[in-house]
Amino acid sequence: MRLILMGPPGAGKGTQATRIAERYGIPAISTGDIFRSNVAAGTPLGVAAKTYMDSGEYVPNNITDAMVRDRLAERDCGRGFLLDGYPRTLDQVKELDTMLTDLGVHLDGVLLLAVDAEELIQRLIRRATMEGRPDDTEAVIRRRQEVYQEQTASLALEYNARSLLAEINGTGHVDHVTDRIHTVIARLRR
Ligand code: AMP
């Protein structure tokens with residue numbers, strides 16, 4: 001299975017990605033997590049990404065694309081993967097197309113987790129109190145939603161035009177959202 005999990009910040013992508021990955025035995029690749037561990041370790045990649053992340057902007061495509069290309073070339077992606085948080089721009093969509101062509105594989109589906117805008121902001125403010133992520137201040141939370149609307153929301157149209165998109169209701173109990181996702185994936189596999 002080669003899947004993309006899309007959705008606005010706070011939609012629950014991280015939690016659901018981990019669950020799907022475990023169930024299907026594929027790695028969940030979160031570009032946000034890779035950036036955060038590089039920031040924590042103080043690597044050159046982390047230093048390059050940090051100012052963008054802290055202000056809620058996207059890290060430049062050339063940095064992000066190279067990182068994903070390296071990750072997809074790793075052995076554990078041979079059986080498939082779930083991308084969480086990539087692609088986020090139309091240029092990244094094109095770049096991913098090239099990477100997949102080079103690997104001789106194709107996407108099976110793009111799952112879009114849909115959650116109402118005001119609920120997202122409330123969830124993220126709660127998470128900020130619990131986890132203390134530096135990009136979780138209210139101003140940055142609002143900016144991240146704007147950036148998603150400006151640069152990422154339209155990717156759903158692109159994947160829909162390719163008949164790859166499945167929209168999933170991301171509200172309600174996390175377990176119910178997971179069940180909805182599994183139903184969609186089961187349909188993709190038939
Ligand atoms: P996330 O944990 O997915 O919300 O990502 C946290 C932050 O990492 C984002 O706000 C961006 O600054 C950066 N980031 C993650 N994925 C990407 C991407 N595909 N393109 C550009 N920046 C990204």
Side-chain angles (χ1 to χ4, degrees), residues 1-34 58 61 64-65 67-69 71-72 76-124 127 144-190:
M1 295 295 287
R2 295 182 186 83
L3 301 169
I4 294 174
L5 185 61
M6 273 190 67
K13 295 190 297 295
T15 307
Q16 299 298 340
T18 310
R19 292 177 170 205
I20 304 166
E22 261 174 31
R23 167 108 162 228
Y24 295 99
I26 52 177
I29 302 173
S30 156
T31 43
D33 283 349
I34 303 175
Y58 287 166
N61 286 336
T64 311
D65 292 335
M67 182 176 92
V68 173
R69 181 177 277 279
R71 183 65 189 84
L72 291 182
D76 63 339
C77 292
R79 293 188 50 220
F81 51 79
L82 173 73
L83 284 168
D84 158 15
Y86 183 93
R88 264 169 145 111
T89 65
L90 275 173
D91 284 332
Q92 290 180 6
V93 169
K94 290 191 200 123
E95 203 47 46
L96 177 62
D97 288 341
T98 309
M99 291 177 212
L100 297 178
T101 304
D102 291 349
L103 290 167
V105 298
H106 61 82
L107 287 173
D108 296 296
V110 177
L111 315 175
L112 172 64
L113 269 187
V115 179
D116 165 80
E118 215 22 63
E119 177 168 343
L120 289 172
I121 307 236
Q122 294 315 318
R123 281 189 188 184
L124 286 168
R127 184 173 79 185
R144 292 171 74 221
Q145 298 296 332
E146 272 171 26
V147 172
Y148 178 84
Q149 289 307 328
E150 287 165 11
Q151 302 197 48
T152 306
S154 65
L155 269 53
L157 300 174
E158 170 65 24
Y159 285 121
N160 191 40
R162 301 184 191 186
S163 304
L164 285 172
L165 190 77
E167 185 170 324
I168 291 150
N169 174 3
T171 55
H173 195 286
V174 267
D175 292 342
H176 295 155
V177 178
T178 307
D179 288 344
R180 289 176 205 137
I181 294 176
H182 288 319
T183 306
V184 167
I185 294 179
R187 218 162 49 217
L188 289 174
R189 302 182 94 192
R190 280 209 309 265

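Since the structure is predicted, the reported quantities are computational estimates derived from the model, not experimental observations.
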Quick one, Ile20 with Met1, criterion side chain to side chain contact (heavy atoms under 4.5 Å, CB included). Give me CA distance, side-chain angles, the key distance, then yes/no.
CA-CA 10 Å; Ile20 304 166; Met1 295 295 287; over 6 Å; no
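Side-chain contact between Leu83 and Thr31: absent, with no pair of heavy atoms (C-beta onward) separated by less than 4.5 Å. Val184 has its side chain within reach of Arg187: a pair of non-hydrogen atoms, C-beta onward, lies under 4.5 Å apart. The shortest side-chain heavy-atom distance between Asp84 and Asp33 does not fall under the 4.5 Å cut-off. By the 4.5 Å heavy-atom criterion applied to side chains, Ile29 and Cys77 are counted as neighbours.
Taking Asp91 as the reference, Lys94 meet the salt bridge (Lys or Arg N to Asp or Glu O under 4.0 Å) condition, with sequence neighbours excluded. Qualifying salt bridge (Lys or Arg N to Asp or Glu O under 4.0 Å) partners for Glu167, counting only residues two or more places apart in sequence or in other chains: none. The side chain to side chain contact (heavy atoms under 4.5 Å, CB included) check on Thr183 picks up nothing, with sequence neighbours excluded. In this structure, the salt bridge (Lys or Arg N to Asp or Glu O under 4.0 Å) partners of Arg127, at least two apart in sequence or on a different chain, are Asp136. With sequence neighbours left out, Gln122 forms a side-chain hydrogen bond (donor to acceptor under 3.5 Å, both in side chains) with Glu118. Shown here are the side-chain hydrogen bond (donor to acceptor under 3.5 Å, both in side chains) partners of Thr171, two or more places apart in sequence or in another chain: Asn169. Contacts of Glu146 classified as salt bridge (Lys or Arg N to Asp or Glu O under 4.0 Å), with partners at least two apart in sequence or in another chain: Arg143. In this view, Glu95 satisfies the side-chain hydrogen bond (donor to acceptor under 3.5 Å, both in side chains) rule with no residue, not counting sequence neighbours.
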List, one per line, each side-chain donor-acceptor pair under 3.5 Å for residues 4-17, sequence neighbours excluded.
unit_1: Lys13; atom_1: NZ; unit_2: Gly7; atom_2: O; d: 2.9
unit_1: Lys13; atom_1: NZ; unit_2: Pro8; atom_2: O; d: 3.4
unit_1: Gln16; atom_1: OE1; unit_2: Thr178; atom_2: OG1; d: 2.7
unit_1: Gln16; atom_1: NE2; unit_2: Val174; atom_2: O; d: 3.2
unit_1: Gln16; atom_1: NE2; unit_2: Thr178; atom_2: OG1; d: 3.4

Check residues 153-161 and write down every donor-acceptor pair under 3.5 Å in which the side-chain atom is one partner and the other belongs to a residue at least two apart or another chain.
unit_1: Glu158; atom_1: OE2; unit_2: Arg162; atom_2: NE; d: 2.9
unit_1: Glu158; atom_1: OE2; unit_2: Arg162; atom_2: NH2; d: 2.9

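With rounding to the nearest 0.5 Å, the separation of CG in Leu82 from CD1 in Ile185 is 7.5 Å. Atom OH of Tyr86 sits about 8.0 Å away from atom CG of Leu72, to the nearest 0.5 Å. A distance of 8.5 Å separates CG in Leu188 from CG in Leu164, rounded to the nearest 0.5 Å. Taking CZ from Arg2 and CG from Leu107, the interatomic distance works out to 9.0 Å, rounded to the nearest 0.5 Å. Note: Gln145 CD to Ile121 CD1 = 5.0 Å, rounded to the nearest 0.5 Å.
Using a 3.5 Å distance cut-off with no hydrogens or angles, the side chains of Thr152 and Tyr58 do pair a donor with an acceptor.
Between the side chain of Gln151 and the main chain of Val147, no donor-acceptor pair closer than 3.5 Å is present.
A salt bridge links Arg19 with Asp175: the closest approach of a Lys/Arg side-chain nitrogen to an acidic carboxylate oxygen falls below 4.0 angstrom.
Asp76 and Pro27 make their closest contact through O-CD, 3.4 Å (heavy atoms, listed as atom of the first residue, atom of the second, distance).
Within the structure, ring-ring contact (aromatic ring centres under 6.0 Å, His included) pairs that include any residue of residues 91-113 do not occur (at least two apart or interchain). Sequence neighbours left out, the pairs with a member in residues 6-33 that pass ring-ring contact (aromatic ring centres under 6.0 Å, His included) are Tyr24-His182.
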